[in-house]
Amino acid sequence: MSAIRPMTPMDLLRFNPCNLDHLTETYNISFYLEYFTRWPSLCKVIESSTGEIEAYILGKLESSPHQISSIPYDPALTLYRKKFPNYLGWHAHITCLTVSPAARRKGLATKLSKAIEIAGDEAEAWFVDLFVRVENEAAIGLYRKMGYSIYRRIVDYYSDGSDAFDMRKPLKRDKQRKTIRANGETVRVQPSEVW
């Protein structure tokens with residue numbers, strides 16, 4: 001039986017089987033350690049009964065780095081949608097989610113994503129977002145089944161020149177579903193516009 005638990009720095013020595021997929025981004029150790037330090041409750045692993053790491057997730061809670069106006073953020077306000085289309089209100093972000101090839105199709109990605117969504121709701125975040133390679137059709141399909149939709153396409157986001165979809169799922173705070181949009185695939189932005 002697999003069990004979800006907090007991720008620790010020692011797991012960095014044991015999670016390589018999860019990173020074997022060419023679509024999985026792998027980061028340097030300082031990147032992972034920053035997450036353990038700043039958002040420890042949003043870093044989780046799923047461990048098999050034999051002690052192997054089958055999946056992990058890194059998440060965070062954030063907003064755009066500066067206040068754009070004295071008016072509190074509200075995605076329903078025309079001011080924010082027109083004048084500041086790339087401003088990000090308080091939200092949960094899935095930075096990395098990966099499942100080892102041997103443990104796929106067991107619902108582990110859904111279980112880990114749900115943990116971040118719950119944390120986002122508890123923190124009164126507006127939505128959860130994540131970036132996924134446009135060619136990763138399996139992940140895009142999985143996220144769609146979980147209620148995520150494409151908000152925009154980020155051109156040349158990855159270091160190899162691949163584009164990313166910014167996918168979002170509104171949380172309880174967004175009762176009017178104003179943090180998502182229809183036809184997000186057609187909205188193209190540069191990486192510098194993602195803040």
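Everything numeric in this text was worked out from a predicted model, so none of it was measured. Counting from 1, the numbers follow the sequence of the chain as shown.
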Pairwise side-chain contact, [X] with [Y], heavy-atom cut-off 4.5 Å (strictly under):
X: Lys114; Y: Met146; result: no
X: Met7; Y: Leu58; result: yes
X: Phe36; Y: Thr8; result: no

SB check [X] [Y] (cutoff 4.0 Å):
X: Arg5; Y: Asp11; answer: yes
X: Glu47; Y: Arg14; answer: yes
X: Glu193; Y: Arg152; answer: no

Item to complete: Under the side-chain contact (heavy atoms from CB on, under 4.5 Å) rule, collect the residues that match up with Glu62, sequence neighbours excluded.
Response: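 Checked Glu62 against side-chain contact (heavy atoms from CB on, under 4.5 Å); matches are Lys60, His91, His93.
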Discussion item. For the backbone of Lys172 and the side chain of Asp121, can you confirm whether one donor and one acceptor N or O come within less than 3.5 Å of each other?
Written reply: yes
Fill in: Donor-acceptor contact present, side-chain Asn183 to main-chain Thr186, <3.5 Å
no
Worksheet entry | Flag if over 12 foreign heavy atoms under 6.0 Å of CG, Leu13 | yes
Worksheet item: Just wondering, more than 12 heavy atoms not from Glu124 lying within 6.0 Å of its CD?
Response: no
Fill in: Phe15 ring center near Tyr32 ring center (under 6.0 Å)
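Yes; Tyr32 has its ring centre under 6.0 Å from that of Phe15.
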Worksheet entry | Atom of Ala123, atom of Trp90 and distance for their closest heavy-atom approach |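 Of all heavy-atom pairs spanning Ala123 and Trp90, the closest is O-NE1, 2.9 Å.
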Worksheet item: In chain order, what residues pass the side chain to side chain donor-acceptor pair (under 3.5 Å) check against Thr50, with sequence neighbours excluded?
Response: Ser48
Discussion item. Checking Arg181 now: which residues fulfil salt bridge (charged side-chain N to carboxylate O under 4.0 Å, His left out) with it, not counting sequence neighbours?
Written reply: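 Partners of Arg181 by the salt bridge (charged side-chain N to carboxylate O under 4.0 Å, His left out) criterion come out as none, since no residue qualifies.
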